[in-house]
J.: 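Next up is a structure, given as structure tokens.
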Amino acid sequence: MLTNAVIHEILSRRSVRSYQPELISEEEMESLITAAQYAPSAMGRQDRHFTVVTNAELLCEIQKASDGEPFYDAPAAVIVSVPPENAYGLEDAACAIMNLMTAAHSMGISTCYIGSATGTKKTEIMRKLQIPEGYVPAASVIIGYAKEAPDEPAPRRADSVTWIK
Ligand SMILES: Cc1cc2nc3c(=O)[nH]c(=O)nc-3n(C[C@H](O)[C@H](O)[C@H](O)COP(=O)(O)O)c2cc1C
């Protein structure tokens, strides 16, 4: 198998669920958001919106309004919202988050894709998040510095590929 720096980052990224309280810098966050914005989107419409939340009180409120504690006390989260009529909204959100997570890992910043932050969809919280009219939160990603180094990635299933030659 051939490899390079980007493939190395993809193969070594892990989801992190325990964070230090320190925030990444705004400059670093800008790089992550730009990476997310450059992800592919259905028909190139870029029909997704990114809400960067570093307000501890609001992050805590979202956690409380969701089942469990989906943000794992991370100091920052990006919520990706899409219009419900975007038939590929979830895919657009997922591609953007994947770009963000790979970029973050390459900068020594940890992340975890969060599909379970149901609190983000509650009307009062959407208002506090200033979600644009016609958009609804689809997925989130938490961002910060890991408390401890995660384990190596699990080996990949050998039965998940078919080659037709
Ligand atoms: C669509 C999607 C939703 C996810 N939602 C959550 C979540 O709500 N909470 C969580 O802890 N991890 C969530 N994850 C992270 C997965 O659990 C994680 O990627 C998986 O266990 C593999 O671990 P790895 O990312 O370290 O390779 C989600 C991942 C995806 C792709």
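Everything quoted here is computed from the prediction, not taken from an experiment. One-based numbering along the sequence shown. All ligand and atom numbering here is 1-based and tracks the order in the structure.
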J.: Report the nearest protein non-hydrogen atom to atom 19 (O) of ligand 1: residue, atom name, distance rounded to 0.1 Å.
T.: Ser15 OG, 3.3 Å
J.: I need the atoms of ligand 1 closer than 4.0 Å to a non-hydrogen atom of Arg14, numbered in the order shown.
T.: 23 (O), 24 (P), 26 (O), 27 (O)
J.: Which of the numbered atoms in ligand 1 are under 4.0 angstrom from any heavy atom belonging to Tyr72?
T.: 9 (N), 10 (C), 11 (O)
J.: Looking only at heavy atoms, which two atoms of Ala93 and Ala138 are closest? And how far apart?
T.: CB-CB, 4.2 Å
J.: Within the side chain of Gln20, is there an N or O that forms a donor-acceptor pair under 3.5 Å with the backbone of Lys147?
T.: no
J.: Please work out which of Gly68, Ala138, Ser116 has its closest non-hydrogen atom nearest to atom 8 (O) of ligand 1.
T.: Ser116
J.: Do the side chain of Asp92 and the main chain of Ala42 share a donor and acceptor less than 3.5 angstrom apart?
T.: yes
J.: Go through the steps for Gln46 and Arg48 under the test side-chain contact (heavy atoms from CB on, under 4.5 Å), then give the verdict.
T.: CA-CA 6 Å; Gln46 303 181 38; Arg48 63 275 199 276; 3.8 Å; yes
J.: Under 4.0 Å from ligand 1, counting heavy atoms only, is it the side chain of Arg156, its backbone, both or neither?
T.: side chain
J.: Between Glu124 and Arg127, does any NZ, NE, NH1 or NH2 come within less than 4.0 Å of an OD or OE carboxylate oxygen?
T.: yes
J.: I'd like the name of whichever of Arg13, Arg17, Glu152 reaches closest to atom 12 (N) of ligand 1 through any heavy atom.
T.: Arg17
J.: Could you pull out the closest heavy-atom pair between Pro70 and Ile114, with the gap in Å?
T.: O-CD1, 3.2 Å
J.: Heavy atom under 4.0 Å from ligand 1: found in Cys112's side chain, backbone, both, or neither?
T.: side chain
J.: Answer yes or no for atom 10 (C) of ligand 1: protein heavy atom present at a distance under 4.0 Å?
T.: yes
J.: Is there at least one pair of N or O atoms, one from Ile114 and one from ligand 1, spaced under 3.5 Å apart?
T.: no
J.: When rounded to the nearest 0.5 angstrom, what is the spacing between SG in Cys60 and CD in Gln63?
T.: 6.5 Å
J.: So, does Met101 sit close enough to ligand 1 that a heavy atom of it is under 4.0 Å from the ligand?
T.: no
J.: Measure the shortest side-chain to side-chain distance between Ser66 and Phe71 over non-hydrogen atoms and say whether it is less than 4.5 angstrom.
T.: no
J.: In the protein, which heavy atom is nearest to atom 4 (C) of ligand 1, and how far is it?
T.: Tyr113 O, 3.5 Å
J.: Give me the nearest non-hydrogen protein atom to atom 5 (N) of ligand 1 as residue plus atom name, then the distance to 0.1 Å.
T.: Gly115 N, 2.9 Å
